[in-house]
S.K.: 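One structure is given below, represented as structure tokens, and several questions about it will come after.
Values below: every heavy atom of this structure, side chains too, minus hydrogens, waters and symmetry copies.
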Amino acid sequence: MNEVTARRARGGGGSARRAERTAVSLETARFITRNIPNFEILNEEALQIIEWNAETVLEEIGVNFLENPAALQRWRDAGADVRGERVHIPRGLARKLCATAPSSFTQHARNPARNVEIGGRSLVLAPVYGPPFVRDHEGGRRYATMEDFRNFVKLGYMSKWLHHSGGTVCEPTDVPVNKRHLDMLHAHMTLSDKPFMGSVTEPSRAEDSVEMAKLLFGAEFVDQNTVMTSLVNINSPLTFDATMMGALEVYAAANQAAIVSPFIVGGAMAPVTVAGTLTQVLAEVLAGVAYSQLIRPGAPVIFGAFVTSIDMNSGAPTFGTPEAAHITYGAGQLARRLGLPYRSGGSFCGSKLPDAQAAYETANSLNVALMSGVNFMLHACGWLEGGLVSSYEKFVMDADQLGTLHHLAQGVAVDENGQGMEAIREVGPGGHYLGCAHTQANFKSAFWRSDLFDYKPFETWEEEGARDTEVLAAARVKKLLADYQRPALDEAVAESLSAYVARKKEAAPDAFI
């Protein structure tokens with residue numbers, strides 16, 4: 001299961017530098033460690049009010065656990081007041097249960113060099129999740145296929161700034177609903193060696209995810225280590241359905257991580273005010289995380305917050321808005337006070353195309369997520385049309401821009417080299433720094449540079465076809481897919497995974513609902 005790495009000897013001169021620039025690179029940056037402060041928008045009084053109100057919601061209003069008698073009994077045994085399918089959680093109980101969840105954990109990849117730390121000062125970037133449609137520059141918008149899914153996994157594997165392969169990078173509609181999770185997991189496990197996510201669309205599919213992970217990593221390793229993260233959405237407001245809770249039960253019991261995440265469009269599934277929405281977010285997360293700890297104390301879990309606003313004229317979700325930023329900042333503070341890793345943010349936009357609207361909204365969302373202290377960012381690249389579309393071109397545009405987050409998070413170096421005093425002394429008044437020793441020693445790493453944008457003079461740009469960013473991105477997609485090389489995988493492990501998928505597919509008729 002070890003990655004096979006080949007190193008080519010390099011000669012000197014311009015030809016060697018050109019070869020270095022054009023060589024296929026499989027480098028993946030290490031997950032981000034922040035050396036900059038988090039932005040905290042709420043003062044102590046506001047935080048205490050929201051926390052008090054969230055506990056009031058749990059105790060007085062309660063939360064629904066639907067079609068899950070076992071969950072209701074677990075809550076009764078824990079001391080909650082259960083009335084029908086409504087669970088009223090006494091003040092302080094949920095927070096007490098949450099205390100056993102780890103503040104950080106390692107998600108292991110099959111290539112150990114690509115393990116990620118989730119929590120603390122880290123930020124792990126994962127691609128778009130869930131769209132039923134895809135879009136590319138030549139073919140336009142269409143339903144996603146399994147070929148598209150595999151392409152996005154390959155693009156994620158080839159992307160330097162992505163640390164994680166993700167989960168449902170698009171929904172392959174040409175494969176039966178009850179079997180597509182097998183093909184998707186198989187793609188993540190064989191086409192990439194980065195960490196990945198498990199299936200949550202039905203508890204038995206979560207069980208398949210765990211079983212396939214045992215084939216890939218070994219059963220004992222999976223029981224003692226986290227090798228998958230899964231997305232468990234809450235049906236806001238205040239409702240936990242049997243499907244998602246069933247998946248949560250499987251993953252928690254198997255010691256695998258779950259993102260407990262309210263899915264909120266403000267004004268539709270939560271109050272229109274920031275404080276009101278944060279109150280509901282905290283109440284839902286407290287209940288969901290506490291329930292995971294009833295299954296297995298110490299099971300890894302992430303405080304999730306997917307929150308956006310709504311256009312009151314059309315009813316469509318809006319992204320990159322100030323209100324969403326306020327909630328993202330505030331939820332980060334609440335997560336840290338609870339001692340849990342935090343998931344939020346992404347390359348969110350409502351645009352139909354990878355255009356200026358998409359760029360503005362995405363930039364707003366990505367920078368807010370960095371500053372709010374997010375530890376796991378799902379949807380970090382490829383999101384288009386409010387999450388309905390996985391865009392090939394936007395995937396590589398976003399993935400390129402994730403490099404800026406890495407460099408922003410480094411902070412400002414004030415060591416001897418960072419101070420630059422020798423350069424200032426060498427150049428003196430009226431000179432320039434292009435040829436000084438300090439510049440020569442640092443020029444390769446001093447400034448972040450996009451691998452996608454065009455920095456050429458106008459005349460050169462015009463001669464090369466006056467290509468805009470979408471056209472450049474389309475060319476980069478083709479190059480990355482052409483350059484893709486499958487990471488090495490032990491032959492016996494590969495055969496066992498293929499056999500498991502074939503056996504499970506043959507055991508049930510196709511179902512498309």
Side-chain angles (χ1 to χ4, degrees), residues 31 97-110 112 114-120 122-127 129-130 162-168 181 184-185 188-189 192 194-201 203 205-214 216-217 219 221-234 240 244-262 284-306 335-336 338-345 374-380:
F31 59 87
L97 291 169
C98 290
T100 58
S103 59
S104 64
F105 61 91
T106 300
Q107 183 181 349
H108 294 265
R110 70 174 176 91
R114 293 183 174 175
N115 294 351
V116 294
E117 299 293 327
I118 300 177
S122 71
L123 171 55
V124 174
L125 302 171
Y129 184 109
L162 271 180
H163 317 115
H164 202 282
S165 191
T168 308
H181 68 287
M184 291 191 286
L185 284 162
H188 281 301
M189 292 178 174
S192 175
K194 295 182 180 182
F196 58 90
M197 302 177 73
S199 176
V200 295
T201 53
R205 296 166 198 165
E207 292 171 355
D208 283 334
S209 303
V210 173
E211 291 305 310
M212 290 179 70
K214 290 178 180 178
L216 185 63
F217 291 94
F221 188 88
V222 170
D223 184 64
Q224 298 300 315
N225 298 276
T226 300
V227 301
M228 280 185 295
T229 300
S230 59
L231 177 61
V232 176
N233 280 132
I234 297 163
F240 296 78
M244 283 290 171
M245 286 303 99
L248 176 62
E249 290 164 5
V250 171
Y251 287 118
N255 196 36
Q256 301 307 304
I259 305 166
V260 176
S261 192
E284 292 179 349
V285 170
L286 280 168
V289 172
Y291 184 66
S292 76
Q293 301 306 293
L294 289 177
I295 301 297
R296 179 168 172 166
V301 67
I302 300 171
F303 181 125
F306 178 92
R336 288 189 291 276
L338 199 55
L340 293 172
Y342 176 40
R343 171 260 164 150
S344 194
V374 166
N375 300 117
F376 187 87
M377 190 196 298
L378 195 56
H379 311 301

S.K.: Quick one: CG on D223 to CG on N255, what's the gap to the nearest 0.5 Å?
M.R.: 6.5 Å

S.K.: Please tell me if the side chains of V260 and I302 come closer than 4.5 Å, counting only heavy atoms from C-beta onward.
M.R.: no

S.K.: Does any N or O in the side chain of R114 come within less than 3.5 Å of the main-chain N or O of H163, such that one atom is a donor and the other an acceptor?
M.R.: no

S.K.: Is N115 close to Q107 at the side-chain level, that is, under 4.5 Å between some pair of heavy atoms?
M.R.: no

S.K.: What's the verdict on ring-ring contact (aromatic ring centres under 6.0 Å, His included) for H164 and F31, showing C-alpha distance, side-chain angles and the deciding distance?
M.R.: CA-CA 9 Å; H164 202 282; F31 59 87; over 10 Å; no

S.K.: Could you list the residues that satisfy side chain to side chain contact (heavy atoms under 4.5 Å, CB included) with A299, not counting sequence neighbours?
M.R.: A252, Q293, R296

S.K.: Write down the atom of A335, the atom of Y342, and the distance for their closest heavy-atom approach.
M.R.: CB-CB, 3.9 Å

S.K.: Can you list everything that forms a ring pair (Phe, Tyr, Trp, His ring centres under 6.0 Å) with Y251? Sequence neighbours excluded, please.
M.R.: none

S.K.: Within the structure provided, determine whether M212 and M189 are in side-chain contact (heavy-atom separation under 4.5 Å).
M.R.: yes

S.K.: To the nearest 0.5 Å, tell me how far R205 CZ sits from M184 CE.
M.R.: 8.5 Å

S.K.: How far apart are the C-alpha atoms of S165 and H188, what are their side-chain angles, what is the distance that settles it, and do they pass the side-chain contact (heavy atoms from CB on, under 4.5 Å) test?
M.R.: CA-CA 7 Å; S165 191; H188 281 301; 2.7 Å; yes

S.K.: Nearest heavy-atom pair of G304 and P262: which atoms, and what distance?
M.R.: O-CD, 3.1 Å

S.K.: Would you say the side chain of I259 lies within less than 4.5 Å of the side chain of F376, judging by non-hydrogen atoms?
M.R.: yes

S.K.: Looking only at non-hydrogen atoms, find the nearest pair between I118 and P341 and report the distance.
M.R.: O-CG, 3.8 Å

S.K.: Nearest heavy-atom pair of L185 and G198: which atoms, and what distance?
M.R.: CD2-CA, 4.2 Å

S.K.: Quick check for you: to the nearest 0.5 Å, what is the distance between M244 atom CE and T201 atom OG1?
M.R.: 8.0 Å

S.K.: Could you tell me how the ring of F221 sits relative to the ring of H108: parallel (under 30°), tilted (30 to 60°) or perpendicular (over 60°)?
M.R.: perpendicular

S.K.: Using the rule side chain to side chain contact (heavy atoms under 4.5 Å, CB included), only one of V285, L378, L231, V232 pairs with S261; which is it?
M.R.: L231

S.K.: Can you find a pair of side-chain heavy atoms, one from L286 and one from F303, that are under 4.5 Å apart?
M.R.: no

S.K.: For A101 versus L340, what's the shortest heavy-atom pair and its separation?
M.R.: CB-CD2, 3.6 Å

S.K.: Report yes if some heavy atom in the side chain of L248 is under 4.5 Å from a heavy atom in the side chain of M245; otherwise report no.
M.R.: yes

S.K.: For S344 and A305, indicate whether the former's side chain and the latter's backbone hold a donor-acceptor pair under 3.5 Å.
M.R.: yes

S.K.: Between the side chain of N375 and the main-chain N/O of L123, is any donor-acceptor distance below 3.5 Å?
M.R.: no

S.K.: State which residues pass side-chain hydrogen bond (donor to acceptor under 3.5 Å, both in side chains) with E249; sequence neighbours excluded, sorted by chain then number.
M.R.: N68, Y291

S.K.: Please report the C-alpha distance between N225 and T106 in whole Å, then the side-chain angles of each, then the deciding distance to 0.1 Å, and finally whether the side-chain contact (heavy atoms from CB on, under 4.5 Å) criterion is met.
M.R.: CA-CA 8 Å; N225 298 276; T106 300; over 6 Å; no

S.K.: Kindly indicate whether the side chain of V124, heavy atoms from C-beta on, has any atom under 4.5 Å from the side chain of M377.
M.R.: no

S.K.: Measure the OG-NZ distance between S209 and K214 for me, rounded to the nearest 0.5 Å.
M.R.: 12.0 Å

S.K.: Show, in sequence, the C-alpha distance, side-chain angles and deciding distance for R343 and V374, and conclude whether the side-chain contact (heavy atoms from CB on, under 4.5 Å) test is met.
M.R.: CA-CA 6 Å; R343 171 260 164 150; V374 166; 5.6 Å; no

S.K.: Using ring pair (Phe, Tyr, Trp, His ring centres under 6.0 Å) as the criterion, list what pairs up with H379, not counting sequence neighbours.
M.R.: F348, W383

S.K.: List for me each residue that meets ring pair (Phe, Tyr, Trp, His ring centres under 6.0 Å) alongside F240, sequence neighbours excluded, and say none if there are none.
M.R.: F65

S.K.: Over all heavy atoms of both residues, which pair between A126 and G166 is shortest? Give the atoms and the distance, please.
M.R.: CB-CA, 4.4 Å

S.K.: State, yes or no, whether a side-chain contact exists between V222 and Q256 at a heavy-atom distance under 4.5 Å.
M.R.: yes

S.K.: With sequence neighbours left out, write down each residue that passes side chain to side chain contact (heavy atoms under 4.5 Å, CB included) with A257, or none if nothing qualifies.
M.R.: F105, T226, T229, P300

